[in-house]
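For reference, the structure is listed below as structure tokens.
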Amino acid sequence: MSEEKSLNFIEEIIEADLKSGKYKTIATRFPPEPNGYLHVGHAKSICLNFGLTQKYGGTTNLRFDDTNPVKEDVEYVDSIKQDVKWLGFEWANELYASDYFEQLYDYAVVLIKKGLAYVDDSTAEEIAAQKGTPTHAGTESPYRNRTVEENLELFADMRAGKYKDGEKVLRAKIDMAAPNMHMRDPLLYRIKHAHHHRTGDAWCIYPMYDFAHGQSDSIEKITHSICTLEFIPHRQLYDWCIEQLDIFPSKQYEFARLNMTYTLMSKRKLLQLVNEKIVDGWDDPRMPTISAMRRRGYTPESIREFCDRIGIAKRDNLIDVGLLEFCVREHLNKIALRRMVVFDPVKVVLTNYPENETELFTSEDNPEDPNTTSREIPFSRELYIEREDFMEDPPKKFFRLAPGQMVRLKSAYIIKCDEVVKDAEGNITEIRCSYLPESKSGNDTSGTKVKGTLHWVSVQHAITAEVRSYDRLFKIEDLSQAEGEINEYLNPDSLHITTNAYAEPALKTAKFDERYQFLRKGYYTLDKDTSEEKIVFNRTVTLKDTWAKEAKKG
RNA sequence: UGGGUUAUGGUGUAACGGUAGCACGACAGAUUUUGGUUCUGUUCGUCUAGGUUCGAAUCCUAGUAACCCAACCA
């Protein structure tokens, strides 16, 4: 019965570690730098790290990798916490690399005393030159052989603020000829007279990533430290620090980061979009950030499902954004309330329907739900339907309204098109139809079968709303192949605003935590720009549209 | 003139020497008061060349391709 789901390579390692008794329980961590908002690529990592400890038992810490005060900010800390929570995960401890600054300093002193670290007066340029190239060995710094005592004193002076930014650094003393560039006397500490969002002005030296991350893992007794592929070359240094310091041996494992078609996944470039006001902030619904997806109407469930489906492996990938859309449709189909909204209206007049009469039709909120509730929709003589649902000279498989053709109005009557009224320019201003009184929804004795069902709203009862429809932000599938400025690849049609859509009255009381399906259109949710004067909806995703595909075939 | 990582349908991901499977997409059909949903079916793959083996995606040898590494970023 239990259909075995195959394990990814990290799960295999964990199961082996648990089985061998290497660990009784596991510990992971999600270690964002608070220098930007989380995006869907981070969601993959979050689901992995938290998912592992949910599955195997154990704890996951949220640890902010805040070792570079000039780029970090509490705004990002707050957003990251909100996003992780919203995704549905609870961290065991909220921690900061900056919590360990004192400890890290002591570790540095240990290395100096062991003759494994030295203070270097070389400039950034000189150090870069000393590194050599991947194919040529580096050269040793002239300051490499300072005595332990001198290094100790100099390092203490660095901390005491006796030097300016860039004047001195602390370097590990490893091997300038190492084939791994990261082992060529990497920097451990640099001087930055900068205000830190947590430690304030207590420090003017800050540890580099390589001297903070592994030790932080070790301090927290992280068993499986999971990161992305580009950190593979760092692993040797990660292990070196832990071994020389003789501290808890956390182990690093690397998986391939998420890449998605038409989607920019670089925090740096996302920041650029925000700074250059190409988008309207980090939560602009076109952004791939968690906060943008939340605003746009994505559900945490659908994002988790997506992360589950894409899998964990070590090969580079480019996931079709269509898979994300599939996941959100799948969930929204189950939970969204059905409503009718006409975006581009054309008036239908039912010539045989009494004037001044209003009927109330009942329609289910969600046909997928066996216990569905329902709402009432007012119907009257004058209605709006979608302009694209009528054609004067339709192709063969057009099942909508056309002269002489019949359609069902959802939850109401079958109508037949009798006449088309046009203005002087030939634009259709009105479609005159007759309705079949005996075709009333749920009580149809007309015996008439129609192929098409249209959504509609009653003219006199309609409310208006603004609807924002989004499309992909970029024109090209693979942003990693984009050369030059990303601005060149922007999709000019990524946002379309319908300022005056006509909606059924039930939407007057739309709520922020509800999801809606506008029949035959897509899934929508209330935007935060909604006010007393204006109701604003965001389109989360369209419905699948096989007719659009058919029509395109011509 | 280096080191590292990875190669399975269009896109992802399994198969751990023994039937190349699953999902998304695409295509075809059924159902449908949403051209939605649901259901059924079809299409399409082991980077190349050798080798080991009764049997190779898997093991060996040699190639090829892609990605990563020379920030006082993480």
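By convention in this document, chain letters (A, B, ...) are assigned in the order of the sequence lines, proteins followed by strands, and residues within each chain are numbered from 1. Quick caveat, the model's predicted, so the values are computed rather than measured.
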- Note on the structure: Assert: residue with more 5' nearest nucleotide on RNA chain B, out of Phe231(A) and Ala128(A), is Ala128(A)

- Using heavy atoms to find the nearest nucleotide of RNA chain B for Glu330(A) and Ile312(A) separately, return the residue whose nucleotide is more 5′.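 Closer to the 5' end of RNA chain B: Ile312(A).
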
Go through [options] for me and flag the one nearest to the [X] side chain.
{"X": "Met181(A)", "options": "C72(B), C69(B), A7(B)", "answer": "C69(B)"}
{"X": "Ile232(A)", "options": "G4(B), G2(B), C68(B)", "answer": "G4(B)"}
{"X": "Ala124(A)", "options": "C72(B), G2(B), C24(B)", "answer": "C72(B)"}
{"X": "Arg315(A)", "options": "C69(B), U1(B), U8(B)", "answer": "U8(B)"}
{"X": "Glu33(A)", "options": "U5(B), A74(B), G2(B)", "answer": "A74(B)"}
{"X": "Arg408(A)", "options": "U33(B), U5(B), U1(B)", "answer": "U33(B)"}
{"X": "Asn68(A)", "options": "U6(B), A74(B), C67(B)", "answer": "A74(B)"}
{"X": "Thr453(A)", "options": "G35(B), A74(B), G25(B)", "answer": "G35(B)"}
{"X": "Lys544(A)", "options": "A70(B), U37(B), C69(B)", "answer": "U37(B)"}
{"X": "Phe399(A)", "options": "G35(B), U34(B), A14(B)", "answer": "G35(B)"}

Both distances below 3.5 Å, Watson-Crick or wobble geometry, any strand: find the nucleotide opposite [N].
{"N": "C73(B)", "result": "none"}
{"N": "G36(B)", "result": "none"}
{"N": "U5(B)", "result": "A66(B)"}
{"N": "A26(B)", "result": "U42(B)"}
{"N": "U58(B)", "result": "none"}
{"N": "G21(B)", "result": "U13(B)"}
{"N": "U31(B)", "result": "none"}

- Query: Is there a side-chain contact between Leu350(A) and Phe379(A) (heavy atoms, below 4.5 Å)?
  - Reply: yes

- Message: Below 30° counts as parallel, above 60° as perpendicular, anything between as tilted: where do the rings of Tyr209(A) and Phe231(A) land?
- Response: tilted

- Query: Would you call the rings of Tyr76(A) and Tyr37(A) parallel, tilted or perpendicular if under 30° counts as parallel and over 60° as perpendicular?
  - Reply: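 Perpendicular: the ring planes of Tyr76(A) and Tyr37(A) meet at over 60°.
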
- Task: Please determine if Glu330(A) and Arg309(A) form a salt bridge, counting it only when a charged side-chain N lies under 4.0 Å from a carboxylate O.
- Result: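 Judged by the 4.0 Å cut-off on N to carboxylate O distance, Glu330(A) and Arg309(A) do form a salt bridge.
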
Quick check: any donor-acceptor pair below 3.5 Å linking the side-chain of [X] to the base of [N]?
{"X": "Arg400(A)", "N": "G35(B)", "result": "yes"}
{"X": "Glu254(A)", "N": "U5(B)", "result": "no"}
{"X": "Glu325(A)", "N": "G25(B)", "result": "no"}
{"X": "Arg329(A)", "N": "U37(B)", "result": "no"}
{"X": "Arg520(A)", "N": "U34(B)", "result": "no"}

- Message: Using the ring centroid of each side chain, check whether Tyr413(A) and Tyr435(A) are separated by less than 6.0 Å.
- Response: yes

- Message: Going by salt bridge (charged side-chain N to carboxylate O under 4.0 Å, His left out), Asp120(A) matches just one of Lys168(A), Arg190(A), Arg144(A), Arg171(A). Which one?
- Response: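 The passing option is Arg171(A).
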
Rounding to a whole Å, what distance do you find between [X]:[atom1] and [N]:[atom2]?
{"X": "Arg257(A)", "N": "C68(B)", "atom1": "CZ", "atom2": "P", "answer": "11 Å"}
{"X": "Leu318(A)", "N": "G25(B)", "atom1": "CG", "atom2": "P", "answer": "17 Å"}
{"X": "Tyr206(A)", "N": "C73(B)", "atom1": "OH", "atom2": "C1'", "answer": "15 Å"}
{"X": "Ile319(A)", "N": "G12(B)", "atom1": "CD1", "atom2": "C1'", "answer": "5 Å"}
{"X": "Gln517(A)", "N": "G36(B)", "atom1": "CD", "atom2": "P", "answer": "11 Å"}

Side-chain N,O ([X]) to OP1/OP2 ([N]) below 4.0 Å:
{"X": "Lys192(A)", "N": "C73(B)", "value": "yes"}
{"X": "Arg338(A)", "N": "G36(B)", "value": "no"}
{"X": "Thr546(A)", "N": "G36(B)", "value": "yes"}
{"X": "Lys549(A)", "N": "A26(B)", "value": "yes"}
{"X": "Arg190(A)", "N": "A74(B)", "value": "yes"}
{"X": "Ser6(A)", "N": "U13(B)", "value": "no"}

- Query: Where do Arg315(A) and Ala256(A) come nearest, in terms of heavy atoms and distance?
  - Reply: O-CB, 3.2 Å

- What are the two closest non-hydrogen atoms of Ser374(A) and Thr362(A), and how far apart are they?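 Nearest pair, atom of Ser374(A) first, then Thr362(A): OG-CG2, 3.4 Å.
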
Take atom [atom1] in [N] and the same atom in [M], then report the distance between them in whole Å.
{"N": "C54(B)", "M": "G17(B)", "atom1": "C1'", "value": "12 Å"}
{"N": "C27(B)", "M": "A62(B)", "atom1": "P", "value": "46 Å"}
{"N": "A28(B)", "M": "U19(B)", "atom1": "C1'", "value": "27 Å"}
{"N": "U48(B)", "M": "G10(B)", "atom1": "P", "value": "13 Å"}

- Is the ring of Trp547(A) stacked on the base of G35(B), with centres less than 5.5 Å apart and planes under 30° off? yes

